[in-house]
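Below you'll find the structure, written out as structure tokens, and then a few comments.
All heavy atoms count here, side chains included; hydrogens, waters and symmetry mates do not.
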Amino acid sequence: MKIDYHLHLEEGPYSSNWLKRTFDAVNHLDNNAHPQHSREWMLEQTKKLHKRLMSGPFSMDWLDLYLQQAKDLGIQEVGIVDHLYRFKEYKAYYEKHIHLKDDELGKLQRKWLDQVCVESIDEFIALIENAKQKWEENGVKLCLGVEADYFLDSEEELTEILGNQPYDYVIGSVHFLNGWGFDNPETKDLFLNYDLSSLYDEFFHVVEKAISSKLFDFVAHLDNLKVFGYRPDEEKLIPAYRKIAKRLLQTNTATEINAGLYYRYPIKEMCPSPTFLKVLAEYQVPLTVSSDAHYPDDLGKFAEMQLEILQNVGIHEVVTFAKREKIKHPIETGHI
């Protein structure tokens, strides 16, 4: 069964990279009647980009490109999320927990938060819920999710934020340590200020707390701290891997094989690492499959590879979600 359960409708903030990636996605998936690279072709592409910018990420036209990509690749189930930090309703949550002091890091992260925290959670939910029938009629099941950053001692706030919403599943993730957004390329030099063994101990402590909260249906990219290649001897991390695997099993929490770092970041490795994945397989932790796409043309691109990787380490089923319940599916040999 080919699935993709962790993808987003927009990268943000708006930049030259956003413009290029959006152009490439539209060019790949939205037919243009004119010869490529002709003036007429460029005029039509420009009109499409203008429409995309004016209508925003939560438009049916943009979502239709995700549906087209899913159909083209034979993806049977898709779960769409967006980060909590995209939504104005939750800006105060981030203002409380991330580093926003009047220093270089604080100013950079304040600028970032103000740029990305511009959408409405109600519009996002309405778009996905309203599109579910259309997707079903096209042979693809669509599920609604959200990706919530976990911070130490944030359980009470997250319980309120996540409650009373029609989510099919909730992803928990760790992108910040002591308020530092460690996956931001503009802050990667801060890794040089740390002893990596101690930093990874702290990171996995937060991940374990996220799992223990039982707020999440699955916890994402378990080792994304490696994003820029800063990692101690991985043999030293195996005890932490085992501890995380045990806690996932104890709390009946799933995780994922996530391709985001593989194709978008310097480490060029999926999450979890091959070594970490073998540990998860040993404990038979439930896993789902994720591209972590932020543009429609990245949806499901590595699903077949990921299913093969899972089978090779002895994992023969994947999980999907509906109304906060896990559903197990066998990986069918020969139909990957």
Side-chain angles (χ1 to χ4, degrees), residues 1-9 57-58 60 63 66-67 70-71 75-84 86-87 89-90 93 119-150 154-173 210-222 247-258 284-293 299-300 303 307 310 315 317-331:
M1 183 174 189
K2 291 176 67 174
I3 60 176
D4 189 345
Y5 256 83
H6 182 168
L7 54 110
H8 304 263
L9 293 182
F58 303 151
M60 195 62 73
L63 188 59
Y66 287 78
L67 174 58
K71 291 171 64 178
I75 304 293
Q76 295 158 282
E77 289 196 23
V78 169
I80 293 182
V81 303
D82 254 323
H83 294 280
L84 279 188
R86 297 293 299 166
F87 303 120
E89 293 88 346
Y90 311 130
Y93 175 69
E119 306 296 343
S120 164
I121 186 65
D122 291 337
E123 290 182 15
F124 170 67
I125 290 173
L127 173 68
I128 304 302
E129 289 291 281
N130 290 337
K132 282 184 174 181
Q133 182 175 345
K134 179 179 182 179
W135 280 56
E136 185 176 353
E137 291 169 355
N138 280 270
V140 185
K141 182 179 178 180
L142 177 63
C143 293
L144 168 67
V146 71
E147 182 175 359
D149 283 285
Y150 175 83
S154 64
E155 288 86 350
E156 187 174 339
E157 296 161 89
L158 280 176
T159 298
E160 183 175 349
I161 286 171
L162 300 172
N164 300 317
Q165 298 285 19
Y167 299 129
D168 290 301
Y169 64 106
V170 174
I171 299 176
S173 58
I211 297 165
S212 299
S213 74
K214 298 184 180 180
L215 287 167
F216 310 115
D217 301 295
F218 76 85
V219 176
H221 38 61
L222 291 174
R247 188 51 54 94
L248 287 166
L249 206 60
Q250 289 166 355
T251 58
N252 192 29
T253 306
T255 187
E256 61 178 358
I257 180 169
N258 183 307
Q284 290 296 297
V285 172
L287 281 98
T288 192
V289 174
S290 305
S291 67
D292 211 339
L299 184 159
L307 291 172
L310 292 180
I315 296 172
E317 61 184 19
V318 292
V319 294
T320 61
F321 305 88
K323 297 181 180 179
R324 306 298 305 272
E325 295 291 334
K326 285 192 289 295
I327 306 166
K328 296 180 179 180
H329 306 269
I331 299 174

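A salt bridge does not link Lys326 to Asp217: none of the charged side-chain nitrogens sits closer than 4.0 Å to a carboxylate oxygen. A salt bridge links Asp168 with Lys132; the closest basic N to acidic carboxylate O contact falls under 4.0 Å.
Atom CG of Leu307 and atom CD1 of Ile3 lie 7.0 Å apart (nearest 0.5 Å). Atom CD of Glu256 and atom NE2 of His6 lie 5.5 Å apart (nearest 0.5 Å). In this structure, the separation between OG on Ser290 and CG on Asp292 is 7.0 Å, given to the nearest 0.5 Å. Separation of atoms CZ (Phe321) and CD1 (Ile327) is listed at 9.0 Å; rounding is to 0.5 Å. To the nearest 0.5 angstrom, Met1 atom CE is 10.0 Å from Ile75 atom CD1. Atoms CG and CG, from Leu299 and Leu7 in turn, are 5.0 Å apart once rounded to the nearest 0.5 Å.
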inquiry  = Pair Tyr66, Trp135 - check side-chain contact (heavy atoms from CB on, under 4.5 Å), show working.
reply    = CA-CA 10 Å; Tyr66 287 78; Trp135 280 56; 4.0 Å; yes
key: Residue pair Phe124, Leu144: steps toward the side-chain contact (heavy atoms from CB on, under 4.5 Å) verdict   = CA-CA 9 Å; Phe124 170 67; Leu144 168 67; 3.6 Å; yes
ask   = Under the side-chain contact (heavy atoms from CB on, under 4.5 Å) criterion, do Leu222 and Leu248 qualify, and how do the steps go?
value = CA-CA 11 Å; Leu222 291 174; Leu248 287 166; 3.9 Å; yes
Test log, rule side-chain contact (heavy atoms from CB on, under 4.5 Å), inputs Val170 and Leu215 = CA-CA 8 Å; Val170 174; Leu215 287 167; over 6 Å; no
ask   = Under the side chain to side chain donor-acceptor pair (under 3.5 Å) criterion, do Glu155 and Ser213 qualify, and how do the steps go?
value = CA-CA 7 Å; Glu155 288 86 350; Ser213 74; 5.4 Å; no
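At a threshold of 4.5 Å between non-hydrogen side-chain atoms, the residues Thr320 and Tyr169 do not count as touching. Contact annotation: the side chain of Val146 never approaches that of Gln165 to less than 4.5 Å [non-hydrogen atoms, C-beta and beyond]. Two residues are said to be in side-chain contact when any heavy atoms from C-beta on lie closer than 4.5 Å; Tyr5 and Cys143 meet this criterion. At a threshold of 4.5 Å between non-hydrogen side-chain atoms, the residues Lys328 and Pro286 do not count as touching. Glu119 has its side chain out of reach of Asp82: every pair of non-hydrogen atoms, C-beta onward, lies at least 4.5 Å apart. By the 4.5 Å heavy-atom criterion applied to side chains, Met60 and Leu127 are counted as neighbours. Taking 4.5 Å as the limit, every side-chain heavy atom of Gln76 sits out of range of all side-chain heavy atoms of Lys141. The closest side-chain heavy-atom distance from His8 to Ile80 is not below 4.5 Å.
Between the side chain of Asp4 and the main chain of Ser291, a donor-acceptor pair closer than 3.5 Å is present. A donor-acceptor contact shorter than 3.5 Å links the side chain of Thr288 to the backbone of Val319. Without hydrogens or angle criteria, Glu89 side chain to Ser120 main chain gives no donor-acceptor distance under 3.5 Å. The backbone N or O of Tyr150 lies less than 3.5 Å from no partner atom in the side chain of Ser154, so there is not a single donor-acceptor pair.
Between Phe216 and Leu162 the shortest heavy-atom distance is CE2-CD1, 4.4 Å. The two residues Leu9 and Phe58 come nearest to each other via the heavy atoms CD1-CD2, 3.6 Å. Residues Thr255 and Val219 share a closest heavy-atom pair of OG1-O, 2.8 Å. For the pair Ile125 and Pro166, the tightest heavy-atom approach, listed with the atom from each and the gap, is CG2-CG, 3.8 Å.
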